[in-house]
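Heads up: the structure comes next, in structure tokens.
FYI, side chains are in, hydrogens and waters are out, and symmetry mates aren't considered; it's all heavy atoms of this structure. One-based numbering along the sequence shown. Predicted model only: the values in this text are computed from it and were never measured.
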Amino acid sequence: MPAREPILFCWSGGKDSAMALHTLLQQNHYHIAALLTTVTEGHERISMHGVRRELLERQAQSIGLPLHEVRIPPQCVNPIYEARMEEALRVYLEQGVRKVAFGDIFLEDLRAYREKNLARVGMTAIFPIWKRDTRELIRSFHANRFRAVAVCVDPKILAPSFAGRELDETFFRELPPQADPCGENGEFHTFVFDGPIFHSPIRVHTGEVVNRDGFVFCDILEEMEKATT
């Protein structure tokens with residue numbers, strides 16, 4: 001049996017990343033060298049999603065893959081983001097990694113941006129769930145028993161009350177017609193805490209809901225195991 005090709009996986013902690021990673025793991029063509037995630041300095045949270053880095057670490061532990069954090073400043077401008085990403089990519093390039101996988105679905109400009117940045121360092125992109133129908137993806141999400149919570153919503157599209165809700169069937173039934181079922185246009189972002197890619201679920205509960213930078217964020221906290229006597 002030929003050796004599996006090593007790749008990096010650009011991990012956001014959300015449902016699209018989880019479904020894309022699940023798709024790759026089922027194919028068994030690749031060895032995932034690491035999960036690559038941007039973390040905002042000072043806030044110590046996943047950039048854009050606002051999830052605490054401790055929970056990011058718990059995801060990586062439960063998935064059983066190394067985690068590589070790319071640290072970026074708050075309100076990071078593109079040149080700094082690109083320079084820090086390139087620095088991280090070159091670490092893996094030197095180890096023989098030539099491909100990076102993403103959970104993007106249909107945003108052509110974002111795909112072109114990623115491919116252009118990777119080409120600068122001699123790498124190429126993989127998009128495991130590209131052009132999949134987003135309603136079909138949500139059916140697959142539930143069929144595979146993934147579980148996630150909405151951690152960030154755009155109040156221009158969704159009611160703030162969507163923040164902190166689990167992505168059950170009621171969540172998707174109540175999405176307004178103009179919202180993409182996977183939130184691919186930025187309508188909402190998520191944190192996945194259970195599913196077939198995890199060795200064990202991450203026990204979480206919702207915390208404070210805040211308005212910041214034009215978005216509504218729901219803090220997610222890990223439930224600690226109760227001490228037994």
Side-chain angles (χ1 to χ4, degrees), residues 5-21 24 30-130 151-152 154 183-186 188-192 197 210 212-215 217 219-220:
E5 181 180 0
I7 66 168
L8 267 179
F9 191 94
C10 202
W11 175 258
S12 72
K15 61 174 175 38
D16 299 339
S17 277
M19 289 188 288
L21 179 60
L24 285 178
Y30 302 106
H31 162 68
I32 313 296
L35 302 175
L36 190 70
T37 308
T38 53
V39 172
T40 303
E41 295 168 334
H43 299 309
E44 301 304 310
R45 292 173 183 261
I46 299 175
S47 304
M48 189 62 242
H49 289 213
V51 172
R52 295 169 183 259
R53 63 187 294 269
E54 308 95 85
L55 287 172
L56 168 64
E57 291 169 351
R58 284 285 293 111
Q59 284 182 322
Q61 289 166 5
S62 186
I63 294 169
L65 289 171
L67 174 66
H68 186 116
E69 296 178 17
V70 179
R71 300 181 67 77
I72 61 173
Q75 284 81 50
C76 185
V77 294
N78 272 354
I80 294 175
Y81 167 80
E82 290 166 8
R84 297 197 182 180
M85 280 292 287
E86 182 173 329
E87 182 182 2
L89 292 172
R90 289 194 181 279
V91 169
Y92 292 93
L93 187 68
E94 290 175 5
Q95 298 173 17
V97 176
R98 297 289 181 272
K99 293 178 181 173
V100 183
F102 300 89
D104 302 310
I105 305 171
F106 60 67
L107 298 179
E108 299 280 359
D109 55 343
L110 183 57
R111 175 171 178 149
Y113 174 75
R114 298 199 194 285
E115 290 175 332
K116 183 176 114 180
N117 288 338
L118 288 176
R120 282 209 303 261
V121 296
M123 301 175 88
T124 57
I126 303 171
F127 298 90
I129 57 173
W130 185 251
V151 293
C152 172
D154 184 346
E184 181 73 345
N185 296 305
F188 61 95
H189 300 286
T190 60
F191 173 80
V192 175
I197 60 174
V210 299
R212 189 173 66 249
D213 302 326
F215 294 89
F217 292 88
D219 199 12
I220 303 297

With A60, which residues qualify under side chain to side chain contact (heavy atoms under 4.5 Å, CB included), at least two apart? L35, L67
Results of salt bridge (charged side-chain N to carboxylate O under 4.0 Å, His left out) for E94 - residues two or more places apart only: none
Heavy-atom check, side chain of R71 versus side chain of R53, under 4.5 Å: yes
Of the non-hydrogen atoms in L24 and P128, which two are nearest, and what is the gap between them? CG-CG, 3.6 Å
Would you say that L93 contacts R98 through its side chain, given a criterion of any heavy-atom pair below 4.5 Å between the two side chains? yes
Value for CG (D104) from CG (L110), rounded to nearest 0.5 Å, stands at 4.5 Å
Which residues pass the salt bridge (charged side-chain N to carboxylate O under 4.0 Å, His left out) test with E54, not counting sequence neighbours? none
Applying side chain to side chain donor-acceptor pair (under 3.5 Å), name anything that partners Y92, two or more places apart in sequence or on another chain. H68
Considering all heavy atoms of both residues, which atom of D154 and which atom of G214 are nearest to each other, and what is their separation? OD1-O, 4.4 Å
Flag the pair L118 / F102 as yes when at least one side-chain heavy-atom distance between them is below 4.5 Å, and no otherwise. yes
Out of curiosity, F127 CZ to R111 CZ, how far, rounded to the nearest 0.5 Å? 5.0 Å
Could you list the residues that satisfy salt bridge (charged side-chain N to carboxylate O under 4.0 Å, His left out) with E87, not counting sequence neighbours? none
Close side-chain approach of L21 to I63, heavy-atom, < 4.5 Å: yes
Residues at least two apart in sequence or cross-chain that pass side chain to side chain donor-acceptor pair (under 3.5 Å) with R90, listed by chain then number, are E86
Can you confirm whether M85 sits close enough to T38 that some side-chain heavy atom of one is under 4.5 Å from a side-chain heavy atom of the other? yes
Looking at G96 and P6, what are the two nearest heavy atoms and their distance? O-CG, 4.0 Å
Ignoring hydrogens, what is the shortest heavy-atom contact between G14 and V192? Give both atom names and the distance. C-CG2, 3.4 Å
Pairing residues for D219 by the salt bridge (charged side-chain N to carboxylate O under 4.0 Å, His left out) criterion, not counting sequence neighbours: R45, R52
Could you tell me whether the side chain of F215 reaches within less than 4.5 Å of the side chain of V151, counting heavy atoms only? no
side-chain hydrogen bond (donor to acceptor under 3.5 Å, both in side chains): pairs with one or both residues in residues 72-83, sequence neighbours excluded: E82-Y113
Partners passing side chain to side chain donor-acceptor pair (under 3.5 Å) against S12 (at least two apart in sequence or in another chain): S17
Partner of L8 under side-chain contact (heavy atoms from CB on, under 4.5 Å), picked from I126, V100, V91, is V100
By ring-ring contact (aromatic ring centres under 6.0 Å, His included) - contacts of F217 (at least two apart): none
Least distance between heavy atoms, P73 atom then I80 atom: CD-CG2, 3.8 Å
Check whether any side-chain heavy atom of V51 lies under 4.5 Å from a side-chain heavy atom of H189, and answer yes or no. no
Taken to the nearest 0.5 Å, the spacing of F9 CZ from L65 CG works out to 10.0 Å
Side chains of N117 and L89: closer than 4.5 Å at any heavy-atom pair? no
Looking only at heavy atoms, the pair that brings I129 and A20 closest together is CG2-CA, 4.0 Å
Listed partners of S62 passing side chain to side chain donor-acceptor pair (under 3.5 Å), at least two apart: none
Applying side chain to side chain contact (heavy atoms under 4.5 Å, CB included), can you list everything that pairs with P66, at least two apart in sequence or on another chain? A34
